[in-house]
Structures are given as C-alpha cells and as structure tokens.
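All values derive from a computational prediction rather than experimental measurement. Quick note: residue numbers are just sequence positions, from 1. Atoms within a ligand are numbered from 1 in the order they appear, just like the ligands themselves.
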Amino acid sequence: MPKSRSSVAAANDRDRSEIAYVALGSNLGDRDGYLSRARERIGRIPKTRIVAESSIAETLPIGPAGQPMYLNQMLAIETSLDPHRLLQELQSIERDEGRTRSVRWGPRTLDLDIVAFDHTQVHSPTLVVPHPELRNRDFWLRQLEELRGVK
Ligand code: PH2
Ligand code: MG
Ligand code: MG
C-alpha cells in the first residue's frame, strides 16, 4: 500500500514551526563570501525562513594554535523541519562550500551549528541541542541575546 501523504510528511516535519538559532563560522579563504553564501542557501532550505541576522564578529580561534581569526554570525530561523533533518540540510551546505572534516576544531571554510531551539532539546548520538559549547563561547551568547531581543 502506498504511504499516505501524512506519513511521508511525518518523517521530516513537525506539526508546527519553531525558532532555531544557527551559528555560521569561517576562518579560511573568503570568509565574508562563505557567510554570505551560507545565508543565501539557508534561506532556501525547505519549510524554513530566516527571521533575523545577528551582527558579524571577528573572533579569536578556539582550538589548535596558529589558525586564522574567525568570522562568526548567528541566524534566527523559523523552521518546521525535524532537528535531524535540519542538521542534514546544514551539513549538505557545508559540503558544497568545501568543508572537509579532519582536525577537531581545526580551520574550516564554513561551519554551521545548531546552537539552540526556543522550545526543543535534543540528545542523540549525532546532535545535541543546546550546543554543549554555548556556555563557553561569549560571542555566541552575545549573538543569541541580540537575536532574542529582536523577535
Ligand atoms: N568553531 C570551532 C572551533 N573554534 N573558534 C571561533 N572563534 N569560532 C568558531 O566558530 C569556532 C572556533 C569548531 O566548531
Ligand atoms: Mg562549530
Ligand atoms: Mg560544526
């Protein structure tokens, strides 16, 4: 028997949308270009729209020494995608923008992290939200404040 429309939708969607906070980071190559393409691509994720953009901060690299400075930004998005589906979409954008996964916390062209949801927590082997590093990154905390203040 063919799957009903509702059971197909249930695999990827939630009943209602919610606000997610997505961190953008880049410390290799044309950093502004990577962030700008990331915003453009995130705006085209299905069932998702950008609600607000934080300012862009230049930040000291956390992790192995000798890396270039980062540009970091955060977006508030409204999405009805399931958190793991959203993660897949973000990882696909990272791959398209030349991201390779080698050194932990090493330099990267584009890093997209789900930092928090307004009403959901996730604890799975592939995704933890709120992001475990949120409390340790003052620039994320500031950008999250900025975004929660405007919506
Ligand atoms: N991301 C990392 C490792 N180190 N440092 C800064 N300044 N900004 C980041 O976004 C960042 C980092 C791994 O996700
Ligand atoms: Mg990261
Ligand atoms: Mg990441």
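Sorted by first and then second residue, the pairs that involve residues 112-131 and meet ring-ring contact (aromatic ring centres under 6.0 Å, His included), not counting sequence neighbours, are His131-Trp140.
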Problem set entry | Check against salt bridge (charged side-chain N to carboxylate O under 4.0 Å, His left out), Glu146 and Arg142 | CA-CA 6 Å; Glu146 223 183 287; Arg142 275 198 298 274; over 6 Å; no
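Of all non-hydrogen atoms in Glu53 and Leu147, the two that sit nearest each other are C-CD2, 3.6 Å. The heavy-atom pair separating Leu141 from Leu134 by the smallest distance is CG-O, 3.6 Å. For the residue pair Leu112 and Ala38, the shortest heavy atom distance occurs at CD2-CB, 4.2 Å. Of all the heavy atoms in Pro61 and Pro68, the pair that sits closest is CG-O, 3.7 Å.
Taking a cutoff of 4.0 Å between a charged side-chain nitrogen and a carboxylate oxygen, Glu58 and Arg31 qualify as a salt bridge. Using a cut-off of 4.0 Å between Lys/Arg side-chain N and Asp/Glu carboxylate O, Arg37 and Asp96 are scored as not salt-bridged.
Near Asn72, meaning under 4.0 Å from one of its heavy atoms, ligand 1 places the atoms 6 (C), 7 (N), 8 (N), 9 (C), 10 (O). Shown in contact with Arg108 at under 4.0 Å from a heavy atom are these atoms of ligand 1, numbered in order with element: 13 (C), 14 (O).
Considering only heavy atoms from C-beta on, Val122 stays 4.5 Å or farther from Val128 through its side chain.
Heavy-atom distances between Pro61 and ligand 1 reach below 4.0 Å in at least one pair. Not a single heavy atom of Met69 sits closer than 4.0 Å to an atom of ligand 1.
Distance from atom 6 (C) of ligand 1 to its nearest protein heavy atom, with residue and atom name: Tyr70 CD1, 3.3 Å. If you check which protein heavy atom lies closest to atom 14 (O) of ligand 1, you get Asp111 OD2, 2.8 Å. Here the heavy atom of the protein found nearest to atom 1 (N) of ligand 1 is Arg137 NH1, 3.5 Å.
Distances between N or O atoms of Trp140 and those of ligand 1 include no value under 3.5 Å. Here's the thing with Leu60: one of its N/O atoms is less than 3.5 angstrom from an N/O atom of ligand 1. Any N or O atom pair closer than 3.5 Å counts here, and Ile62 shares at least one such pair with ligand 1.
Within Asp113, the N, O or S atom lying nearest to the Mg ion (ligand 3) carries the name OD1. Distances from the Mg ion (ligand 2) to the N/O/S atoms of Asp111 are shortest for OD2.
No part of Glu133 comes within 4.0 Å of ligand 1, judged by heavy-atom distances.
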